[in-house]
Amino acid sequence: MSMAERIDSRLRAAFAPERLEIADDSEQHRGHSGWRPGGETHFRVTIVSEAFEGVGRVQRQRLVYDALHAELAERVHALQLSTRTPAEDARVAGS
């Protein structure tokens, strides 16, 4: 199972997202700190879930980091997060 698939599985189990997008941006970081041959080190994640309702931005990120603890400890060096509620996502889409 690829790292992106593992991230997908963990986040779906933890947050039951309405929308989840995961992009492996590792090649854009070739030669930078944390990059490894084979990639799977730098990811961009957009997650939209009711679970974030009433939760501040920093706490949302902590929740995601907690859900991905094993992946972050193993290989993932960088994780760019966009965490939204469905209402926030609708506002962004409507802009």
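A donor-acceptor pair under 3.5 Å links the side-chain atoms of Arg60 to the main chain of Phe52, judged by distance alone. Side chain of Ser2 to main chain of Glu5: a donor-acceptor pair is present (N/O by atom type, distance under 3.5 Å, no hydrogens or angles).
Using a 4.5 Å cut-off on side-chain heavy atoms (C-beta onward), Arg84 and Thr46 make contact. Taking 4.5 Å as the limit, some side-chain heavy atom of Asp8 sits within range of a side-chain heavy atom of Leu20. Counting only heavy atoms from C-beta outward, the side chains of Thr85 and Glu50 never approach each other to under 4.5 Å. Under the 4.5 Å side-chain criterion, counting only non-hydrogen atoms from C-beta, Ile47 is not in contact with Arg19. At a threshold of 4.5 Å between non-hydrogen side-chain atoms, the residues Phe43 and Asp25 do not count as touching. For the pair Val45 and Gln80, the minimum side-chain heavy-atom distance is 4.5 Å or more. Two residues are said to be in side-chain contact when any heavy atoms from C-beta on lie closer than 4.5 Å; Leu63 and Val55 meet this criterion.
Enclosure of atom CZ in Arg57 is not indicated, since only 12 or fewer non-hydrogen atoms of other residues, nucleotides or ligands lie within 6.0 angstrom.
Separating the CE atom in Met3 from the CD1 atom in Ile7 is a distance of 6.5 Å, to the nearest 0.5 Å. Leu81 contributes atom CG, which lies 11.5 Å from atom CZ of Arg44 (distance to the nearest 0.5 angstrom). Here the CZ atom belonging to Arg10 is positioned 4.0 Å from the CD atom belonging to Glu71, to the nearest 0.5 angstrom.
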> Please walk me through it: do Leu68 and Leu79 pass side-chain contact (heavy atoms from CB on, under 4.5 Å)?
Replying inline: CA-CA 10 Å; Leu68 298 177; Leu79 191 62; 3.7 Å; yes

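Counting all heavy atoms, side chain and backbone alike, Ala67 lies closest to Leu11 at CB-CD2, 4.3 Å. For the residue pair Phe15 and Ser49, the shortest heavy atom distance occurs at O-OG, 2.6 Å.
Placement of Val64 and Val92 in two distinct hydrophobic clusters is found when ILVMFWY residues are connected by side-chain heavy-atom separations under 4.5 Å, directly or transitively.
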